[in-house]
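Each remark here refers to the structure printed beneath this line.
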There are 2 protein chains.
Amino acid sequence: MRRTKKERQRLLSETIAENPFVTDEQLASEFQVSVQTIRLDRMELAIPELRERIKDVASKTYENEVKSLPIDEVIGEIIDIELDNRALSIFDVKDEHVFQRNGIARGHHLFAQANSLAVAVIDDELALTVHSNITFVKPVKAGNRVITKAVVVGRDDERHRTKVEIVSTVNGETVLVGEFDMYRTKGKGEQE
Amino acid sequence: MRRTKKERQRLLSETIAENPFVTDEQLASEFQVSVQTIRLDRMELAIPELRERIKDVASKTYENEVKSLPIDEVIGEIIDIELDNRALSIFDVKDEHVFQRNGIARGHHLFAQANSLAVAVIDDELALTVHSNITFVKPVKAGNRVITKAVVVGRDDERHRTKVEIVSTVNGETVLVGEFDMYRTKGKGEQE
DNA sequence: GTTGTTATTAGCACTTGGTACTAATATCAG
DNA sequence: CTGATATTAGTACCAAGTGCTAATAACAAC
């Protein structure tokens, strides 16, 4: 045994998680064991074969792509939406979203959640952001769950504009407020 | 010939495009022809086999996973910086930054470039965005190279505030203008 | 009708990346 | 030394194909 079986299996899980496209043969040469050993390992760890792994990845993304054109384009997860009226999304702040130094979320992630929600709430083929005015009220930290609410407050069909107000909160405390002026490609009555 | 070969091949392309997970056998029974005919059709139409199709879908989504905002300190590449004065960065807009529908860049990517440049230009351990006011002047498309300039225009050390003006251009044309109010932690930081 | 062309079907060998199973070794621990 | 565990080898088999050859079928033109 090069190292322990346990150690190898731990690394194996990791490797496959990182890159599901790897074959048993490649794994065998990487870990300097036989293909059979890799297969025994996969069985013990209940890791499916290459083709099944790929199929899983593919079907997952396929569902997302076909189903929800707007929803998977959103940063965070939409939990409630009433088109052209209001929408709500949740975004869990992870380590990769914060400054390492102090654990405070970078502004552009909060902006991204707010902005993509503003896009989603517009009942149109596509909405573009024309203007934004955002105030970051309070720092957000890793581990925080940000709940963002978008409310459509004004609509000017002649100019193709819609105004959306945004409030983001963490544990009931407001962390971000702002508004977006959105451009919509279709006015009222032109909907499909 | 049930219908024409042409018609069958048209439908075949459609069917596979709709659901890449279908096998030749299933297709054969659906179109009431032999498996061999289906294979000849696929060759003529240059449609890869099931496994390749699935792999394509999977690898596409695998790449897409990194489509949310990256972890980098700065979005884009800083090409010139003079701390507490001005800074310049370049950001190449790729397919993953735009709406599939029309190829126009999502606002939050442009915001991210501008915001991270505003953070970088502040000569301090850390700067936080307090307020932003951004106008998206002109749509940016995939393939565009966005050059963003940040200029420090005002500083109020008592309130720990610094104002940064931003202009982004593509081929000399302005695509985004705005300003950021930044909080700098120098001195006794009022964290939290 | 006969001939030519295109379309369809059949059959076989071979490929990848496996599963399922059996059997032989190797390694280590008590 | 003996047993248990781990590793390797080897075989048969599977799905969903490719690549190839050859036999029909269908239809049009002369």
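Chain letters run A, B, ... following the sequence lines, proteins first, then strands; residues in each count from 1.
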Report the distance from atom [atom1] of [X] to atom [atom2] of [N], rounded to the nearest whole Å.
X: A:Ile16; N: C:dG18; atom1: CD1; atom2: C1'; result: 13 Å
X: B:Leu40; N: C:dA10; atom1: CG; atom2: P; result: 13 Å
X: B:Asp41; N: C:dA7; atom1: CG; atom2: C1'; result: 10 Å
X: B:Leu27; N: D:dA16; atom1: CG; atom2: P; result: 12 Å
X: B:Glu44; N: D:dT18; atom1: CD; atom2: C1'; result: 16 Å
X: B:Ile54; N: D:dA15; atom1: CD1; atom2: P; result: 15 Å
X: B:Ile38; N: C:dT8; atom1: CD1; atom2: C1'; result: 11 Å
X: B:Lys6; N: C:dT6; atom1: NZ; atom2: C1'; result: 14 Å

Please classify the nucleic acid contact of A:Arg42 as base, sugar-phosphate, or nothing, using heavy-atom distances under 4.0 Å. sugar-phosphate
Would you say the side chain of A:Leu27 lies within less than 4.5 Å of the side chain of A:Ile16, judging by non-hydrogen atoms? yes
Side chain to side chain, B:Ser89 and B:Gln113, heavy atoms closer than 4.5 Å: yes
Please write out each protein N/O paired with an N/O of nucleotides 14-17 of chain C under 3.5 Å, distance rounded to 0.1 Å.
residue: C:dT16; atom: O2; partner: A:Arg51; partner atom: NH2; Å: 2.6
residue: C:dG17; atom: O4'; partner: A:Arg51; partner atom: NH2; Å: 2.8
residue: C:dG17; atom: N2; partner: A:Arg51; partner atom: NH1; Å: 3.2
residue: C:dG17; atom: N3; partner: A:Arg51; partner atom: NH1; Å: 3.0
residue: C:dG17; atom: N3; partner: A:Arg51; partner atom: NH2; Å: 3.2

Check: protein-nucleotides 11-13 of chain D nitrogen or oxygen pairs below 3.5 Å:
none

Would you indicate which nucleotide in D:dT18, D:dT7, C:dT9 comes nearest to any side-chain atom of A:Arg8?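 Side chain of A:Arg8 sits closest to D:dT7.
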What's the closest nucleotide to the side chain of A:Val33 if the choices are D:dT18, C:dT9, D:dT8? D:dT8
Which hydrophobic side chains are connected to B:Val153, either touching it within the sub-4.5 Å cutoff or through other members that do? B:Val151
Applying ring-ring contact (aromatic ring centres under 6.0 Å, His included) to B:Phe111 and not counting sequence neighbours gives A:Phe111, B:Phe180
Can you list everything that forms a side-chain contact (heavy atoms from CB on, under 4.5 Å) with A:Gln26? Sequence neighbours excluded, please.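 Testing A:Gln26 for side-chain contact (heavy atoms from CB on, under 4.5 Å), a comparison that skips the adjacent residues, returns A:Val22, A:Thr23.
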Please name all residues satisfying side-chain contact (heavy atoms from CB on, under 4.5 Å) with A:Val35, sequence neighbours left out, ordered by chain then number. A:Asp24, A:Glu25, A:Ala28, A:Arg39
Check the side chains of A:Gln9 and A:Asp41 for a donor-acceptor pair under 3.5 angstrom, ignoring hydrogens and angles. yes
Using heavy-atom distances to pick each residue's nearest nucleotide on DNA chain C, tell me which of B:Thr37 and A:Ile47 is more 5'. B:Thr37
Does the B:Asn102 side chain pair with the main chain of B:Ile104, one donor and one acceptor, at a distance under 3.5 Å? yes
Tell me whether B:Asp92 is salt-bridged to B:Lys94, with the criterion being a basic N under 4.0 Å from an acidic carboxylate O. no
